[in-house]
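A short write-up of the structure that comes next.
Quick caveat, the model's predicted, so the values are computed rather than measured. Throughout, numbering of the chain's residues begins at 1 and tracks the sequence.
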Amino acid sequence: QVQLVESGGGLVQAGGSLRLSCAASGRTFRTYAMGWFRQAPGKERIVVARISWSGGATYYADSVKGRFTISRDNAKNTVYLQMNSLKPEDTAVYYCAAAVNIATLMDVGKAYWGQGTQVTVSS
């Protein structure tokens with residue numbers, strides 16, 4: 001069992017920055033792939049960024065590439081999402097997810113999920 005708790009969401013103006021945090025429990029956290037997903041009202045949940053258990057491999061959606069950075073601190077059992085140059089279209093609930101590998105991370109029914117944190121970007 002893995003428990004995930006997101007924090008750091010809020011209201012910012014376009015062009016501003018936010019840093020999301022995901023605190024995880026579990027002895028196997030260090031070996032888990034982690035990711036950030038988001039879902040806006042009326043839209044599907046999509047992957048924003050992923051990071052391997054070692055932190056050596058990352059992925060970013062085209063819409064956030066160059067603006068967002070995912071990182072992890074295994075000593076603190078925490079994954080971060082640094083979001084810069086925010087746009088109104090980034091407004092969504094952001095969810096942290098964890099799984100034993102990338103394939104499982106992308107399977108909604110098999111990955112572990114946090115409860116989400118709201119990010120709102122005003123224009």
Side-chain angles (χ1 to χ4, degrees):
Q1 183 72 246
V2 175
Q3 293 179 300
L4 306 171
V5 180
E6 303 98 331
S7 62
L11 173 64
V12 297
Q13 292 184 326
S17 299
L18 281 175
R19 182 167 66 101
L20 305 183
S21 298
C22 175
S25 65
R27 178 165 49 87
T28 61
F29 171 79
R30 186 182 64 84
T31 64
Y32 269 51
M34 304 290 296
W36 287 96
F37 295 71
R38 71 185 184 191
Q39 185 168 25
K43 297 184 178 180
E44 296 181 350
R45 183 176 299 186
I46 63 169
V47 62
V48 175
R50 298 191 299 259
I51 189 167
S52 63
W53 69 268
S54 67
T58 58
Y59 162 87
Y60 297 95
D62 288 341
S63 60
V64 307
K65 196 171 299 180
R67 299 188 297 120
F68 290 11
T69 302
I70 188 170
S71 62
R72 66 190 298 163
D73 185 340
N74 289 341
K76 296 183 178 180
N77 291 340
T78 303
V79 175
Y80 305 95
L81 184 68
Q82 178 66 46
M83 305 184 294
N84 298 324
S85 302
L86 283 163
K87 304 175 181 179
E89 49 263 47
D90 294 319
T91 296
V93 176
Y94 284 70
Y95 298 91
C96 179
V100 296
N101 54 50
I102 293 296
T104 306
L105 184 69
M106 300 306 296
D107 188 330
V108 176
K110 295 183 178 179
Y112 295 99
W113 294 90
Q115 61 268 71
T117 185
Q118 177 71 47
V119 171
T120 302
V121 184
S122 62
S123 59

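For Y95, the ring pair (Phe, Tyr, Trp, His ring centres under 6.0 Å) criterion is met by no residue, not counting sequence neighbours. Scored by the salt bridge (charged side-chain N to carboxylate O under 4.0 Å, His left out) test, R45 finds no partners at all (sequence neighbours excluded). With sequence neighbours excluded, the residues forming a side-chain contact (heavy atoms from CB on, under 4.5 Å) with Q118 are T91, V93, T120, listed by chain and number. Looking at residues two or more places apart in sequence or on another chain, you find a salt bridge (charged side-chain N to carboxylate O under 4.0 Å, His left out) between K65 and D62. Scored by the side-chain contact (heavy atoms from CB on, under 4.5 Å) test, S71 finds Y80 as partners (sequence neighbours excluded). Partners of S54 under the side chain to side chain donor-acceptor pair (under 3.5 Å) rule, at least two apart in sequence or in another chain, are S52. Every residue two or more places apart in sequence or in another chain was checked for a side chain to side chain donor-acceptor pair (under 3.5 Å) with E89, and none qualifies. When the side chain to side chain donor-acceptor pair (under 3.5 Å) test is applied to S7, no partner is found at least two apart in sequence or on another chain. A search for side-chain contact (heavy atoms from CB on, under 4.5 Å) contacts involving V47 returns F37, R50, Y59, M106, not counting sequence neighbours. By the side chain to side chain donor-acceptor pair (under 3.5 Å) test, S85 is found to be paired with no residue, residues two or more places apart in sequence or in another chain being considered. When the side-chain contact (heavy atoms from CB on, under 4.5 Å) test is applied to V119, the partners found at least two apart in sequence or on another chain are L18, L20, M83, Y94, V121.
L105 is not connected to V79 by any chain of hydrophobic side-chain contacts under 4.5 Å among Ile, Leu, Val, Met, Phe, Trp and Tyr, and they are in different clusters.
Surrounding CD of Q115 are more than 12 heavy atoms belonging to other residues, nucleotides or ligands, all under 6.0 Å away.
Looking at V64 and R38, their side chains come closer than 4.5 Å, going by heavy atoms from C-beta outward. Looking only at side-chain heavy atoms (C-beta outward), S21 and R19 come within less than 4.5 Å of each other. Here the side chains of N101 and W53 are not in contact, with every heavy-atom distance at 4.5 Å or above. The closest side-chain heavy-atom distance from W36 to F68 is not below 4.5 Å.
In this structure, the separation between CD1 on I51 and CD1 on I102 is 9.5 Å, given to the nearest 0.5 Å. Atoms CD and CG, from E6 and L81 in turn, are 11.0 Å apart once rounded to the nearest 0.5 Å.
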Evaluate the side-chain contact (heavy atoms from CB on, under 4.5 Å) criterion for residues Y60 and V48: first the C-alpha distance (whole Å), next the side-chain angles of each, then the deciding distance (0.1 Å), finally the verdict.
CA-CA 6 Å; Y60 297 95; V48 175; over 6 Å; no

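Nearest approach of S123 to P88, heavy atoms of both residues: CB-CG, 3.8 Å. Counting all heavy atoms, side chain and backbone alike, M34 lies closest to A98 at SD-CB, 3.3 Å.
Screening residues 73-123 for disulfide (SG to SG under 2.5 Å), with sequence neighbours left out, gives C22-C96.
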